Amino acid sequence: MYTHAGYVLRKQDAEPIRENAEKIRLDLSSTQAQVSVSLPALKEELERVKKLLGIDCFAEAAITRISFSVSNLNEYIPTTGVCVEDANEMAWVIEGMQLEDRELMKYLSVLSVEQPETLQEALHYAMNLDDYEHFSDDLDAYGKAVLRRIGADDELIDTIDGYMDFERLGEDAMVEDGVRRTEFGLIRRYSSPFSEETHTLEMEYLS
């Protein structure tokens, strides 16, 4: 059975067991032991790690290494000043993203533009992905998306296809919308469009 905490299998005379698909791995060290922990982890699993380390709270242990199962995240999520609790929350969020089509690509686009300085900032962006719109790296498709945004349906777009330069419309609309181009696709922020200055740099790259 799938739950918000992962997959659970109930065995006879045994507690439910969650299938742990590792998203983040932490190496922890205390004065008594060294332990590697796979995240996301349930509260009970983290309590067992504390017992192995001989500590009451994770602040008493040092994180000696942190790695992400999604390789690109290692590049865009800072790992300095990380605490176990935030890393675990991030791991749960990553797991949720992987259940949604292209949600992880959208997040990578956001990270590459926003460039968070801490894991806490990266987690903030992850929790606010609804403030962003993600597109494939296709100016023609973006131009058609602009028309749909103002009410055009697919029948109208198909009718004018071949008579209109959708790519030019998409390029001009990207400037107005503050869209940024990343290696993971196009990204647009709803609440406050990315600055024209940074977008101009992207347009120079496009040309």
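For clarity, every value in this text was computed on a predicted model and none was experimentally measured.
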Derivation of the side-chain hydrogen bond (donor to acceptor under 3.5 Å, both in side chains) call for D131 and Y125: CA-CA 9 Å; D131 190 31; Y125 294 126; over 6 Å; no
Side-chain heavy atoms of L169 within contact of M164, under 4.5 Å: yes
Give a yes or no on whether Q34 atom CD has more than 12 heavy-atom contacts from other residues, nucleotides or ligands under 6.0 Å away. no
Taking atom CE of M97 and atom CG of L99, what is their separation to the nearest 0.5 Å? 11.5 Å
Do R48 and K51 come close enough that some side-chain heavy atom pair is under 4.5 Å? no
What closest approach, in Å, do K23 and A91 show between heavy atoms, and which atom pair accounts for it? CG-O, 3.7 Å
What's the spacing between D165 CG and E171 CD if we round to 0.5 Å? 9.0 Å
Sequence neighbours excluded, the answer for side chain to side chain donor-acceptor pair (under 3.5 Å) partners of S71 is none
Enclosure of E47 CD (heavy-atom neighbours >12, cutoff 6.0 Å): yes
Is a donor from one side chain sitting under 3.5 angstrom from an acceptor on the other, for T64 and D27? no
Return the minimal non-hydrogen interatomic distance between V84 and L39, and the atom names on each side. O-CD1, 4.5 Å
Please indicate whether D153 has more than 12 foreign heavy atoms, meaning atoms of other residues, nucleotides or ligands, lying under 6.0 Å from its CG. yes
List the atom of P78, the atom of T118, and the distance in Å for their closest heavy-atom pair. CG-N, 3.5 Å
Can D154 and R148 be counted as an ion pair, charged N to O under 4.0 angstrom? yes
How many angstroms lie between atom CD1 of I24 and atom OG of S38, to the nearest 0.5 angstrom? 10.5 Å
Hey, does L53 have a side-chain heavy atom less than 4.5 Å from the side chain of Q32? no
For E183, enumerate each residue passing the side chain to side chain donor-acceptor pair (under 3.5 Å) test, keeping only those at least two apart in sequence or located in another chain. Y76
Crowding at CZ, R149 (>12 non-hydrogen neighbours, <6.0 Å): yes
In this structure, would I150 and L156 fall into the same cluster of hydrophobic residues linked by side-chain contacts under 4.5 Å? yes
Closest non-hydrogen atom pair between A145 and F135, with its separation: CB-CE2, 4.0 Å
The criterion is side chain to side chain donor-acceptor pair (under 3.5 Å); which residues satisfy it with N74, sequence neighbours excluded? none
L73 with M127, same ILVMFWY side-chain cluster at under 4.5 Å: yes
Correct closest heavy-atom pair for V82 and T79 would be CG2-O, 3.3 Å
Can you check whether F194 reaches V179 side chain to side chain, under 4.5 Å on heavy atoms? no
Does any N or O in the side chain of E75 come within less than 3.5 Å of the main-chain N or O of N72, such that one atom is a donor and the other an acceptor? no
Evaluation steps, side chain to side chain contact (heavy atoms under 4.5 Å, CB included), between Q98 and V70: CA-CA 10 Å; Q98 292 183 320; V70 180; 3.5 Å; yes
Would you please say whether a donor-acceptor pair under 3.5 Å links the side chains of D130 and Y190? no
In Å, rounded to the nearest 0.5 Å, how long is the span from CD1 of I77 to CZ of F68? 4.0 Å
Should V146 and I160 be counted in the same cluster of Ile, Leu, Val, Met, Phe, Trp and Tyr side chains packed under 4.5 Å apart? no
With rounding to the nearest 0.5 angstrom, report the CE to CG distance, M90 to N88. 11.5 Å
D86 and Q120: side chain donor to acceptor below 3.5 Å: yes
Looking at R180, R102, K106, R188, which one forms a salt bridge (charged side-chain N to carboxylate O under 4.0 Å, His left out) with E133? R188
What residues form a salt bridge (charged side-chain N to carboxylate O under 4.0 Å, His left out) with E117, not counting sequence neighbours? none
Residue pair V49 / F58, side-chain heavy-atom distance below 4.5 Å: yes
Are R25 and S67 close enough that a side-chain donor and a side-chain acceptor fall under 3.5 Å? no
Shortest non-hydrogen contact from F166 to D161? CE1-OD1, 3.4 Å
Please tabulate, for the side chains in residues 108-116, all donor-acceptor contacts under 3.5 angstrom to protein atoms that are two or more places apart in sequence or on a different chain.
| from | atom 1 | to | atom 2 | distance (Å) |
| --- | --- | --- | --- | --- |
| S109 | OG | M105 | O | 3.1 |
| S109 | OG | H134 | NE2 | 3.2 |
| S109 | OG | T182 | OG1 | 3.2 |
| S112 | OG | L108 | O | 3.4 |
| S112 | OG | S109 | O | 2.8 |
| E114 | OE1 | R189 | NH1 | 3.4 |
| E114 | OE2 | Y132 | OH | 2.6 |
| E114 | OE2 | R189 | NH1 | 2.7 |

Contacts of type side chain to side chain contact (heavy atoms under 4.5 Å, CB included), residue E60, not counting sequence neighbours: I55, D56, C57
According to a 4.5 Å side-chain heavy-atom criterion applied to Ile, Leu, Val, Met, Phe, Trp and Tyr, with indirect links allowed, do I66 and I94 form part of one hydrophobic cluster? yes
